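Labels below follow one simple rule: chain letters A, B, ... track the order of the sequence lines, proteins then strands, and each chain is numbered from 1. Model, not experiment: these values are computed from the prediction.
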Amino acid sequence: MHPSKLELLKGNKIIIGISEVSKITGISTRQLRYWEKKGYIHSVDRSKRFREFSLDTVIKIEHMKDLLEEGFTLVAAYEKVDKKMKLFKKMKHLFINNYEGIIELEDGKAAIDFGYFNANEEEHLYFIFDESTDKSYFQAGNINNKK
DNA sequence: TTTCTTACA
DNA sequence: TGTAAGGA
């Protein structure tokens, strides 16, 4: 019922100009424009005066850059990343739709609440992680039932 | 000042 | 691909 705490990510509403994208990814503005022309990436609204890229696209660009550095051709990198992005989007969707918040535990650990663990809606699934030891694990139960 | 397209190096 | 030119 309550809105997701990850609205910004949910709608992919984080938009970045070509100059910033270039700085972030290390891909020149010339390349970015070329990649778009070839259809490897898309800007948000081409009817606008200036190009803007979504956060997902920036991530796509970073993946392509990595593959390029590994020796793949531009086309090969694009095809490979395009498949991976579909999985990435599904994963993002899954995470965003199940994320119920983050909880600080007494012992210095933190827990991400992923919502109900089973169909009975009795227990939640938590991802527990301890920064001091760098250890993490999943746990079912009810850590912090507010109210 | 920044971004855009086009075109040449 | 980089860069210059000339507008927006």
Side-chain angles (χ1 to χ4, degrees), chain A residues 1-117 121 124-140 143-147:
Chain A
M1 211 64 183
H2 59 81
S4 166
K5 297 163 188 69
L6 301 174
E7 280 305 318
L8 280 174
L9 290 177
K10 194 173 186 179
N12 200 20
K13 290 288 172 53
I14 297 178
I15 302 301
I16 309 163
I18 193 170
S19 183
E20 282 301 310
V21 172
S22 179
K23 282 182 199 165
I24 293 166
T25 62
I27 300 298
S28 69
T29 56
R30 169 77 155 94
Q31 283 174 295
L32 258 16
R33 292 187 183 103
Y34 177 71
W35 291 8
E36 189 195 25
K37 188 182 175 186
K38 299 291 277 184
Y40 302 144
I41 56 174
H42 302 285
S43 51
V44 174
D45 183 4
R46 215 56 270 282
S47 68
K48 284 189 179 175
R49 188 136 90 107
F50 300 138
R51 262 171 275 254
E52 290 172 327
F53 297 98
S54 69
L55 187 58
D56 280 1
T57 301
V58 175
I59 289 165
K60 182 176 178 177
I61 291 165
E62 286 180 326
H63 282 329
M64 284 179 67
K65 186 200 179 188
D66 289 342
L67 293 177
L68 250 30
E69 285 172 352
E70 283 175 35
F72 287 90
T73 63
L74 184 56
V75 190
Y78 159 69
E79 287 171 348
K80 201 161 180 151
V81 169
D82 208 51
K83 285 179 191 168
K84 194 168 272 185
M85 284 307 286
K86 286 174 186 168
L87 283 175
F88 171 76
K89 283 176 182 172
K90 280 181 189 171
M91 240 174 72
K92 197 178 96 170
H93 186 262
L94 190 146
F95 179 79
I96 287 172
N97 282 285
N98 291 288
Y99 175 84
E100 296 276 330
I102 189 160
I103 302 162
E104 283 192 50
L105 307 179
E106 326 72 39
D107 51 8
K109 296 192 183 97
I112 296 175
D113 186 348
F114 278 112
Y116 294 118
F117 175 66
E121 301 190 347
H124 278 222
L125 174 67
Y126 299 96
F127 181 70
I128 319 273
F129 60 99
D130 186 346
E131 281 188 64
S132 60
T133 61
D134 212 35
K135 297 244 167 120
S136 55
Y137 51 91
F138 283 96
Q139 181 179 307
I143 290 182
N144 187 19
N145 262 334
K146 302 155 206 170
K147 91 173 166 191

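The stretch residues 65-78 of chain A participates, sequence neighbours left out, in no side chain to side chain donor-acceptor pair (under 3.5 Å) pair at all.
Looking only at side-chain heavy atoms (C-beta outward), A:W35 and A:R33 stay at 4.5 Å or farther from each other. A:F53 places a side-chain heavy atom less than 4.5 Å from the side chain of A:I18.
Look at CZ on A:R49: it is 10 Å from C1' on C:dG7, rounded to the nearest Å. The NZ atom of A:K37 sits 17 Å away from the C1' atom of B:dT3 (whole-angstrom rounding). Across the protein-nucleic acid pair, A:R46 atom CZ and B:dT3 atom C1' stand 10 Å apart, rounded to whole Å. A:I16 has its CD1 atom 17 Å from the C1' atom of B:dT2, to the nearest Å. Distance OH (A:Y40) to C1' (C:dT1): 15 Å, rounded to an integer number of Å.
One finds a salt bridge joining A:E52 and A:K48 here, because a Lys/Arg side-chain nitrogen approaches an Asp/Glu carboxylate oxygen to under 4.0 Å. Electrostatic pairing of A:R51 and A:D45 does not count as a salt bridge here, judged by no charged N lying under 4.0 Å from a carboxylate O. The pair A:R46-A:E36 meets the salt-bridge criterion, with a side-chain N (NZ, NE, NH1 or NH2) lying under 4.0 Å from an Asp/Glu carboxylate O.
A:F95 has its ring centre less than 6.0 Å from the ring centre of A:F114.
A donor-acceptor pair shorter than 3.5 Å can be found between the side chains of A:S132 and A:D130.
Within residues 24-34 of chain A, the residues having any heavy atom under 4.0 Å from DNA chain C are, by residue number, A:S28, A:R30, A:Q31.
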Encoded 5' to 3' (Watson-Crick or G-U under 3.5 Å; [ ] crossing; | other strand), DNA chain B becomes .|.||||||
